[in-house]
Asks: 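Following this message is one structure expressed as C-alpha cells.
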Amino acid sequence: MNKAIAGYHLLMILSAVDFRFNIHEEEVIREYLVHEFPFHVNLDKQMDTISRLRPDEWEAHYLKAMDDFYDDATPEERKHLLNFAIQLAKADNVITKEENHFLNLLFENWDPA
C-alpha cells in the first residue's frame with residue numbers, strides 16, 4: 001500500500017475495533033482524506049478489502065499498514081497520522097481498551113519522540 005492508502009486502512013481499522021462508528025469518527029477520517037487526497041479518489045476497493053477482514057485479522061492487517069505507511073512517510077508525516085489516530089480514538093469521548101491497544105501499537109513501533 002502507498003502511504004495515503006495505508007493511513008486510510010489504519011484509521012478505518014482503528015474506528016472499527018470498538019464495534020461502534022459515529023459521525024465524529026467519520027469526520028476525522030474525511031479530514032484525513034481531504035488532507036491526503038486533494039483530488040477525488042475512489043476508495044471502494046480499499047473499503048471492500050477492509051470490510052472483508054474478520055476482527056481476528058484486524059491486528060495483522062493494521063501492522064502491515066503501519067509498516068507500509070512508515071516506509072513511505074517522513075517523521076513529520078508519521079506524527080501527523082498519529083494526531084489523526086488520537087483524534088479518531090477521542091472522537092466519541094471514550095477511548096476503549098481496544099482503541100488504546102491499537103494506538104499503543106503505533107506509538108510503540110514508530111517511536112514518535
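Owing to the predicted nature of the structure, the values given are computational and were not obtained by experimental measurement.
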Asks: Roughly how far apart are Ile50 CD1 and Leu11 CG, rounded to 0.5 Å?
Replies: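 Taking CD1 in Ile50 and CG in Leu11, the distance rounds to 9.5 Å.
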
Asks: Looking at every non-hydrogen atom in both residues, tell me the closest pair between Met12 and Ser15 and how far apart they are.
Replies: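 It is O-OG, 2.7 Å.
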
Asks: Answer whether the closest heavy-atom distance between the side chains of Leu81 and Tyr32 falls below 4.5 Å.
Replies: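 Side-chain contact under 4.5 Å: yes.
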
Asks: Table please: side-chain donor-acceptor pairs of residues 16-23 below 3.5 Å, with sequence neighbours left out.
Replies:
{"unit_1": "Asp18", "atom_1": "OD1", "unit_2": "Arg20", "atom_2": "N", "d": "3.0"}
{"unit_1": "Asn22", "atom_1": "OD1", "unit_2": "His24", "atom_2": "N", "d": "2.7"}
{"unit_1": "Asn22", "atom_1": "OD1", "unit_2": "Glu25", "atom_2": "N", "d": "3.0"}

Asks: Considering residues at least two apart in sequence or located in another chain, which fulfil the ring-ring contact (aromatic ring centres under 6.0 Å, His included) criterion with Tyr8?
Replies: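 Tyr8 satisfies ring-ring contact (aromatic ring centres under 6.0 Å, His included) with no residue once adjacent residues are dropped.
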
Asks: Supply the atom-to-atom distance Ile13 CD1 to Glu57 CD, rounded to the nearest 0.5 angstrom.
Replies: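 One gets 10.0 Å once the value is rounded to the nearest 0.5 Å.
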
Asks: Are the side chains of His101 and Glu59 in touch, meaning some heavy atoms are under 4.5 Å apart?
Replies: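 Result yes, sub-4.5 Å side-chain heavy-atom pair found.
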
Asks: So which atom in Asn2 and which in Ala4 form the shortest heavy-atom distance, rounded to 0.1 Å?
Replies: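 Looking at all heavy atoms of both residues, the shortest contact is OD1-N, 3.1 Å.
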
Asks: So which heavy atom on Ala85 is nearest to which on Leu106, and how close?
Replies: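 Of all heavy-atom pairs spanning Ala85 and Leu106, the closest is CB-CD1, 3.9 Å.
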
Asks: Indicate whether the side chain of Thr96 and that of Glu98 have a donor and an acceptor atom separated by less than 3.5 Å.
Replies: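 Yes.
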
Asks: Ignoring hydrogens, what is the shortest heavy-atom contact between Leu103 and Tyr62? Give both atom names and the distance.
Replies: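 For Leu103 and Tyr62, the tightest heavy-atom pair comes out as N-OH, 4.4 Å.
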
Asks: Does some side-chain heavy atom of Met1 sit less than 4.5 Å from a side-chain heavy atom of Lys64?
Replies: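 Yes - at least one pair of side-chain heavy atoms lies under 4.5 Å apart.
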
Asks: Test side-chain contact (heavy atoms from CB on, under 4.5 Å) on Thr49 and His61; report intermediate values, then the result.
Replies: CA-CA 10 Å; Thr49 298; His61 189 80; 4.2 Å; yes

Asks: Excluding sequence neighbours, so at least two apart, what forms side-chain contact (heavy atoms from CB on, under 4.5 Å) with Arg30?
Replies: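 Partners of Arg30 by the side-chain contact (heavy atoms from CB on, under 4.5 Å) criterion, ordered by chain and then number, come out as Glu26.
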
Asks: For residues Ala65 and Ala6, report the shortest heavy-atom separation together with the two atoms involved.
Replies: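 Smallest heavy-atom distance, with atoms named: O-CB, 3.4 Å.
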
Asks: So, Asn104 side chain and Asn100 main chain: donor-acceptor pair closer than 3.5 Å or not?
Replies: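 Indeed, once roles are kept as given, a pair shorter than 3.5 Å links the two residues.
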
Asks: Test of understanding: clusters of I, L, V, M, F, W, Y form through side-chain heavy atoms closer than 4.5 Å, transitively. Do Ile95 and Ile86 belong to the same one?
Replies: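 Different clusters.
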
Asks: For Asn109 versus Leu105, what's the shortest heavy-atom pair and its separation?
Replies: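 Heavy atoms only, the tightest pair is ND2-O, 2.7 Å.
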
Asks: So how far is it from Phe84 CZ to Leu82 CG, rounded to the nearest 0.5 Å?
Replies: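 One finds 11.5 Å between CZ of Phe84 and CG of Leu82.
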
Asks: Would you please indicate if the ring centroids of Trp110 and Phe69 are separated by under 6.0 Å?
Replies: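 Aromatic pair counts; centres sit under 6.0 Å.
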
Asks: When rounded to the nearest 0.5 angstrom, what distance separates CG in Leu10 from CG in Leu63?
Replies: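 Going from CG on Leu10 over to CG on Leu63, the span is 9.0 Å.
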
Asks: Quick check: does any side chain N or O of Gln46 sit under 3.5 Å from a backbone N or O of Leu43, one acting as donor and the other as acceptor?
Replies: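 A pair under 3.5 Å: no.
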
